[in-house]
S.K.: 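This is the structure I want to talk about, given as structure tokens.
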Amino acid sequence: MSLSLIIAIFLISIILIMIPLIISKKAENESKSLDEWEKIKDYGNKINEKTRNKKN
């Protein structure tokens with residue numbers, strides 16, 4: 001294999017590894033305002049509201 005092909009494969013593999021890491025880091029930073037237990041509590045409240053509204 002030629003050196004340019006090896007370098008191209010190496011760069012593509014690095015890019016494919018780094019992109020998901022960068023995206024998940026951004027998503028984690030955006031969701032820092034609520035901790036996990038508050039997210040669970042909010043989700044439970046939304047479910048309860050939907051259930052209460054269906055019965056009426």
Side-chain angles (χ1 to χ4, degrees):
M1 282 199 282
S2 65
L3 184 62
S4 61
L5 180 61
I6 294 172
I7 292 172
I9 291 172
F10 179 73
L11 289 176
I12 290 171
S13 63
I14 293 297
I15 290 170
L16 289 175
I17 291 171
M18 293 304 291
I19 288 175
L21 292 175
I22 292 169
I23 292 172
S24 65
K25 186 68 173 178
K26 283 184 182 178
E28 183 179 328
N29 287 340
E30 289 174 3
S31 67
K32 283 287 185 180
S33 62
L34 295 176
D35 67 346
E36 292 298 317
W37 289 110
E38 289 176 356
K39 287 180 188 178
I40 293 169
K41 181 180 171 185
D42 289 341
Y43 182 74
N45 288 337
K46 287 179 187 176
I47 297 284
N48 288 337
E49 286 297 321
K50 286 180 184 178
T51 305
R52 287 186 197 123
N53 290 337
K54 282 184 180 180
K55 291 182 179 178
N56 292 336

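All figures in this text were calculated on a predicted structure; none of them were measured in a lab.
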S.K.: If you measure from CH2 on Trp37 to CG on Asp42, what distance do you get to the nearest 0.5 Å?
M.R.: 13.5 Å
S.K.: What is the distance from atom CD1 of Ile9 to atom CD1 of Ile14, rounded to the nearest 0.5 Å?
M.R.: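 So the gap between those two atoms works out to 12.5 Å.
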S.K.: I'd like to know if Lys46 pairs up with Glu49 as an ion pair, taking the criterion as any Lys NZ or Arg NE/NH1/NH2 lying under 4.0 Å from an Asp or Glu carboxylate oxygen.
M.R.: no
S.K.: How many angstroms lie between CG in Asn45 and CZ in Arg52, if you round to the nearest 0.5 Å?
M.R.: 7.5 Å
S.K.: Output the distance between atom CD1 (Ile23) and atom NZ (Lys26), rounded to the nearest 0.5 Å.
M.R.: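 If we round to the nearest 0.5 Å, Ile23:CD1 and Lys26:NZ are 7.5 Å apart.
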S.K.: If you round to the nearest 0.5 Å, how far is CD1 of Ile6 from CG of Leu11?
M.R.: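 Reported value, rounded in 0.5 Å steps: 12.0 Å.
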